[in-house]
Trainee: 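Here it is, the structure, as structure tokens.
What you see is a predicted model; the values in this text were computed from it and never measured. Hydrogens, waters and symmetry mates are skipped; everything else that's a heavy atom, side chains included, is used. Numbered from 1 within each chain, the chains take letters A, B, ... in sequence-line order.
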Number of protein chains: 2
Amino acid sequence: MLPMSFESPDRDRIDLSLVLHALSDPQRRGIVAELARSEEPRPCGSFAPNITKSTRTHHFRVLREAGLVEQWKEGTSKMSRLRREDVDARFPGLLDSVLAAPIGAGRL
Amino acid sequence: MLPMSFESPDRDRIDLSLVLHALSDPQRRGIVAELARSEEPRPCGSFAPNITKSTRTHHFRVLREAGLVEQWKEGTSKMSRLRREDVDARFPGLLDSVLAAPIGAGRL
DNA sequence: CCCTTAGTACGACGGTCAACGTACCACAAA
DNA sequence: TTTGTGGTACGTTGACCGTCGTACTAAGGG
């Protein structure tokens, strides 16, 4: 009976500060990059294998609350999808420029 | 005989995490926006009048160390200039998309 | 029914952040 | 020389962050 929240702001309420803060972490940026590379939704657990489950949960919450990621339950896993259209509509070009950034430019 | 540092990373060492973190603060984003609006260099004191001098110094240091701003001394004031070409060269489109963001999309 | 798998909740720890006040410095103008 | 003016240094405060471990839940598969 726990919350297990999936709440993410809708398109016109996505906050730039939250987005930039979410993307300022290399780990999260890595997740977003992977999520963008394969448009197929994947379970959370298949990302960032170097960190703990709980840390991963934390990062996904930050991404979701910033409006970068959408999540839903599917069987036993929780799936994630990049909200590309919404972010692109709200901040055109932002995601592209961040994802196109040279590796090692803050990638831990 | 105090340091009074002006050090800013050179173009190819600008770190994306630092840039995004610097821009994730509304106050600093406001400074950058003003700096971008008037290409004329201005003394630090003429920005963000609502905050304290020391806080302003702090924000300018974050911006400078992220590589977003260049500073130099001119008489009694310290001038600031947006390093637009450098940032644009390193992360094309990033600054544009952030500056084009709707007001109120995280603006405090 | 147990057991595994996938993820969350909670608490903790060390680190950082933004903001402030006070004290200080450097320079210029009076 | 004295008095601004513009900015830094330092210390502090309360909040938050990234990370972890442990304990828990929810859903399937045997």
Trainee: Using the side chain to side chain contact (heavy atoms under 4.5 Å, CB included) criterion, which residues pair with B/D12? Sequence neighbours excluded.
Mentor: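 Testing B/D12 for side chain to side chain contact (heavy atoms under 4.5 Å, CB included), a comparison that skips the adjacent residues, returns B/D10.
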
Trainee: Measure NE2/B/H21 against C1'/D/dC17 and give the value in whole Å, please.
Mentor: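 It works out to 10 Å between those atoms.
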
Trainee: For DNA chain C, find the residues of residues 62-74 of chain B with a heavy-atom distance under 4.0 Å and give them by number; none if there aren't any.
Mentor: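 Per residue number, the list is empty: none.
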
Trainee: Separation of B/Q27 atom CD from C/dA18 atom P, in whole Å?
Mentor: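 B/Q27 atom CD is separated from C/dA18 atom P by 11 Å.
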
Trainee: Whole angstroms only, please: what is the CG-C1' distance between B/N50 and C/dA19?
Mentor: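 Atom-to-atom, B/N50 to C/dA19, this comes out as 12 Å.
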
Trainee: Can you find a side-chain donor-acceptor pair between B/S17 and A/R29 that sits under 3.5 Å?
Mentor: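 Yes, side-chain donor-acceptor contact under 3.5 Å.
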
Trainee: Strictly below 4.0 Å: does A/H59 bring a side-chain N or O up to OP1 or OP2 of C/dG7?
Mentor: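 For C/dG7, OP1/OP2 do not have a side-chain N/O of A/H59 under 4.0 Å.
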
Trainee: Quickly work out the B/H58 NE2 to D/dT8 P distance and round it to whole Å.
Mentor: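 For the pair B/H58 NE2 and D/dT8 P, the rounded distance is 13 Å.
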
Trainee: With sequence neighbours left out, write down each residue that passes side chain to side chain contact (heavy atoms under 4.5 Å, CB included) with B/S54, or none if nothing qualifies.
Mentor: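 Applying side chain to side chain contact (heavy atoms under 4.5 Å, CB included) to B/S54 gives B/T52.
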
Trainee: Does anything in residues 30-87 of chain A form a ring-ring contact (aromatic ring centres under 6.0 Å, His included)? List the pairs, not counting sequence neighbours.
Mentor: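 Qualifying pairs, neighbours excluded: A/F47-A/F60.
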
Trainee: Counting only heavy atoms from other residues, nucleotides and ligands, does the tally under 6.0 Å from CD of B/E40 exceed 12?
Mentor: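 Count not over threshold, so no.
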
Trainee: Over all strands shown, is A/T55 touching base, sugar-phosphate only, or nothing at heavy-atom distances under 4.0 angstrom?
Mentor: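 If one applies the 4.0 Å heavy-atom cut-off, A/T55 turns out to touch a base.
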
Trainee: For A/L20 and C/dA18, what is the distance between atoms CG and P respectively, to the nearest whole Å?
Mentor: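 Computing the A/L20:CG to C/dA18:P distance gives 13 Å.
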
Trainee: Listed by chain and number, what are the salt bridge (charged side-chain N to carboxylate O under 4.0 Å, His left out) partners of A/R37, not counting sequence neighbours?
Mentor: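 A/R37 satisfies salt bridge (charged side-chain N to carboxylate O under 4.0 Å, His left out) with no other residue.
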
Trainee: Whole Å only: how far is the CD1 atom of A/I31 from the P atom of D/dT19?
Mentor: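 Atom CD1 in A/I31 sits about 10 Å away from atom P in D/dT19.
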
Trainee: Considering residues at least two apart in sequence or located in another chain, which fulfil the side chain to side chain donor-acceptor pair (under 3.5 Å) criterion with B/R42?
Mentor: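 Residues passing side chain to side chain donor-acceptor pair (under 3.5 Å) with B/R42: B/E34, B/S46.
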
Trainee: Could you state the CZ-P distance from B/R61 to D/dG6, rounded to the nearest angstrom?
Mentor: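 Atom CZ in B/R61 sits about 21 Å away from atom P in D/dG6.
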
Trainee: Tell me: CG of A/D25 to C1' of D/dC17, nearest whole Å?
Mentor: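 Atom-to-atom, A/D25 to D/dC17, this comes out as 9 Å.
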
Trainee: For B/T57, answer base if it contacts any base atom (sugar-phosphate contacts may also be present), sugar-phosphate if it contacts only those atoms, and nothing otherwise; contact means non-hydrogen atoms under 4.0 Å.
Mentor: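 Base contact.
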
Trainee: Residues in side chain to side chain donor-acceptor pair (under 3.5 Å) with A/E70, at least two apart?
Mentor: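 Partners of A/E70 under the side chain to side chain donor-acceptor pair (under 3.5 Å) test: A/R81.
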
Trainee: Which residue lies toward the 5' end of DNA chain D, B/S46 or A/R28, if each is placed at its nearest nucleotide?
Mentor: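 Result of the comparison: B/S46.
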
Trainee: Protein-nucleotides 2-6 of chain C N/O pairs closer than 3.5 Å?
Mentor:
from: C/dA6; atom 1: O4'; to: A/T76; atom 2: OG1; distance (Å): 3.1

Trainee: Taking for each residue the nucleotide of DNA chain C bearing the nearest heavy atom, is the 5' side occupied by A/R56 or by B/G75?
Mentor: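 It is A/R56 whose nearest nucleotide is closer to the 5' end.
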
Trainee: A/R64: what forms a side chain to side chain donor-acceptor pair (under 3.5 Å) with it, not counting sequence neighbours?
Mentor: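 Testing A/R64 for side chain to side chain donor-acceptor pair (under 3.5 Å), a comparison that skips the adjacent residues, returns A/S5, A/Q71.
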
